[in-house]
There are 2 protein chains.
Amino acid sequence: MGRARPVPPTAYAILGLLSMTDELSGYDLRRWARALRFFYVSPAQSQIYSELRRLAALGWVAQRDVAQEARPAKRLYRTTEDGQAALRGWLEGSPVEPPALKHALLLRIFFGHLARPERLQALIDDYITAARMVLAELEQVRAELGDDPRWRFPAAVAEWGLRYYAAETEAAAAIRPCVAEAASRE
Amino acid sequence: MGRARPVPPTAYAILGLLSMTDELSGYDLRRWARALRFFYVSPAQSQIYSELRRLAALGWVAQRDVAQEARPAKRLYRTTEDGQAALRGWLEGSPVEPPALKHALLLRIFFGHLARPERLQALIDDYITAARMVLAELEQVRAELGDDPRWRFPAAVAEWGLRYYAAETEAAAAIRPCVAEAASRE
DNA sequence: GCCAGCATGTAAGGAGTTACATGATTAT
DNA sequence: ATAATCATGTAACTCCTTACATGCTGGC
């Protein structure tokens, strides 16, 4: 019973989403997976389907085909006992990867010596605007989750996210003058 | 003169590092690239070499082989005029990708209903410890950069990083009790 | 004797993406 | 008319990673 090669986090993410619901199609999952976008790259549609096939092959999800009138047929998935056990094992036993961040704005600021300062400031301003929009979204998400114990953990993550994006706007605003200083020099 | 397919950000990152220095080998770059690790996944050694070959093929860097006694031969790279122009074009003209985050801890907390609360708390504690270590590193980096105008932009990024990781420790500490609350329920 | 450092490179493969294909229904 | 929604799936490709290969020098 050799443990096969490790399953990627995205597969666990999909399995986890299924574990919080009853039965979902790949199409449904695409919407659910958007909930991850604040803290985890939400997978492409094609990947959702391929991960579902992987999970089915592992016996971690069960599938059921449902015909519909006037709509394409659905394939509904739900977690199996093995799937729940796999998720629990992942949560309890596997090492947590360090967060992977690719911050394209910071990459550009890092090489800011080659840009016009006004351009950098504009990029920072755009970023603050975008972060504020995420904040607004997250506030709504947080409100929708309420204090329903069923969504306690997503709610905790949303609260983290609120702090996260608030800190981003503050950090962006804080370094904006440094870039301005560079502007007044050249 | 059809614009070929876009060059990945990592290539610009390497080009940018070369633009801040005189001449570097792939081996040297591996160390320099570590500076990116706080805000951008720092590339694997093999990728550094392959990106350098790509940049050389584009004419954005020039290479020069240097024989050494008692050491393997070096291949030193420096940016060309075209390379500088490409970097400037990237900074000024190309759209900034939204930050991509893969926060494995938050993914696990999101699915926390399947974990023992003590486990989640331990994960959070580990994360806080790790974030504090990053903070210590960043403080040192920031101190080393000083107020040398040459490193103004890296310094600004380091300051962003200090806020970022401080916010992470705070967010982690803030949601820890929510997880604890779950513990007292079950 | 052994490991770290210097220095480059190949091979294999996994994770993830975009774009395409199909086709009916409903709303604008 | 046209777009969005429902619903799944394939093809091609890129990015990036790990592991391996090579080999000399210097310090402990």
Side-chain angles (χ1 to χ4, degrees), chain A residues 3-15 23-34 36-37 40-58 61 63-77 95 97-98 100-102 104 107, chain B residues 4-15 23-34 36-37 40-58 61 63-77 95 97-102 104 107:
Chain A
R3 186 150 280 310
R5 36 179 131 68
V7 163
T10 302
Y12 286 106
I14 288 171
L15 190 58
E23 249 188 343
L24 294 176
S25 67
Y27 193 86
D28 299 329
L29 265 167
R30 199 167 47 168
R31 310 184 139 253
W32 279 80
R34 289 211 74 215
L36 309 176
R37 71 185 183 284
Y40 214 86
V41 177
S42 66
Q45 173 253 67
S46 65
Q47 204 193 352
I48 290 175
Y49 285 103
S50 59
E51 293 299 348
L52 281 171
R53 286 191 288 269
R54 185 210 303 261
L55 293 172
L58 286 166
V61 300
Q63 40 181 276
R64 182 170 74 92
D65 287 350
V66 178
Q68 295 177 111
E69 35 184 324
R71 281 275 166 246
K74 274 185 181 191
R75 178 161 291 175
L76 295 177
Y77 295 87
E97 308 82 25
L101 176 64
K102 284 185 162 192
L107 190 62
Chain B
R5 43 178 126 68
V7 163
T10 303
Y12 287 105
I14 287 170
L15 190 58
E23 250 189 342
L24 293 176
S25 67
Y27 193 86
D28 299 329
L29 266 167
R30 197 167 48 168
R31 310 184 138 255
W32 277 81
R34 289 212 73 216
L36 310 176
R37 72 184 183 283
Y40 213 86
V41 176
S42 65
Q45 173 255 63
S46 65
Q47 205 193 350
I48 291 175
Y49 284 103
S50 59
E51 294 299 347
L52 282 172
R53 287 190 288 268
R54 184 208 305 259
L55 293 172
L58 287 166
V61 299
Q63 39 181 275
R64 182 170 74 92
D65 287 348
V66 177
Q68 294 178 112
E69 33 182 327
R71 281 273 167 249
K74 272 186 182 189
R75 177 161 292 174
L76 295 178
Y77 295 87
E97 308 82 26
L101 177 63
K102 284 184 161 191
L107 188 62

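Since this is a predicted model, take the numbers as computed values, not measurements. Numbered from 1 within each chain, the chains take letters A, B, ... in sequence-line order.
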Close side-chain approach of A:Leu58 to A:Val7, heavy-atom, < 4.5 Å: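 The answer is yes; the side chains approach within 4.5 Å.
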Close side-chain approach of A:Pro43 to A:Arg30, heavy-atom, < 4.5 Å: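 Side chain of A:Pro43 against side chain of A:Arg30, heavy atoms only: no contact under 4.5 Å found.
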What is the separation between atom [atom1] on [X] and atom [atom2] on [N], rounded to the nearest whole Å?
| X | N | atom1 | atom2 | value |
| --- | --- | --- | --- | --- |
| A:Glu97 | D:dT18 | CD | P | 12 Å |
| A:Asp28 | D:dT5 | CG | C1' | 12 Å |
| B:Arg31 | C:dT8 | CZ | P | 13 Å |
| A:Lys74 | C:dT25 | NZ | P | 17 Å |
| B:Arg54 | D:dT14 | CZ | P | 9 Å |
| B:Tyr27 | D:dC24 | OH | C1' | 13 Å |
| A:Arg53 | D:dA7 | CZ | C1' | 13 Å |
| A:Arg30 | D:dT8 | CZ | P | 9 Å |

Considering only nitrogen or oxygen atoms on both sides, find all protein atoms under 3.5 Å from nucleotides 18-20 of chain C and state each distance.
unit_1: C:dT18; atom_1: O4; unit_2: A:Ser46; atom_2: OG; d: 2.9

The single option from B:Ile14, B:Thr10, B:Leu52 passing side-chain contact (heavy atoms from CB on, under 4.5 Å) against B:Gln47: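 Testing B:Gln47 for a side-chain contact (heavy atoms from CB on, under 4.5 Å) against B:Ile14, B:Thr10, B:Leu52 leaves exactly one candidate, B:Thr10.
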For the residue pair A:Ala56 and A:Val61, what are the closest heavy atoms and their distance?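 Nearest heavy atoms, A:Ala56 then A:Val61: N-CG2, 3.5 Å.
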Is the backbone N or O of B:Tyr27 less than 3.5 Å from a side-chain atom of B:Tyr49, with the two atoms forming a donor-acceptor pair by type?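 Yes; at least one donor-acceptor contact below 3.5 Å.
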Using modelled atom types and a 3.5 Å cut-off, is there a donor and acceptor pairing between side-chain atoms of A:Arg37 and backbone atoms of A:Arg34?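 Looks like yes, one N/O pair under 3.5 Å.
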[N] phosphate, OP1 or OP2: any side-chain N/O from [X] under 4.0 angstrom?
| X | N | answer |
| --- | --- | --- |
| A:Ser25 | D:dT8 | yes |
| B:Tyr49 | C:dT8 | yes |
| B:Lys102 | C:dA15 | no |

Please identify each residue that fulfils side chain to side chain contact (heavy atoms under 4.5 Å, CB included) with A:Ala73, with sequence neighbours left out.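 Side chain to side chain contact (heavy atoms under 4.5 Å, CB included) check on A:Ala73 returns nothing, list empty.
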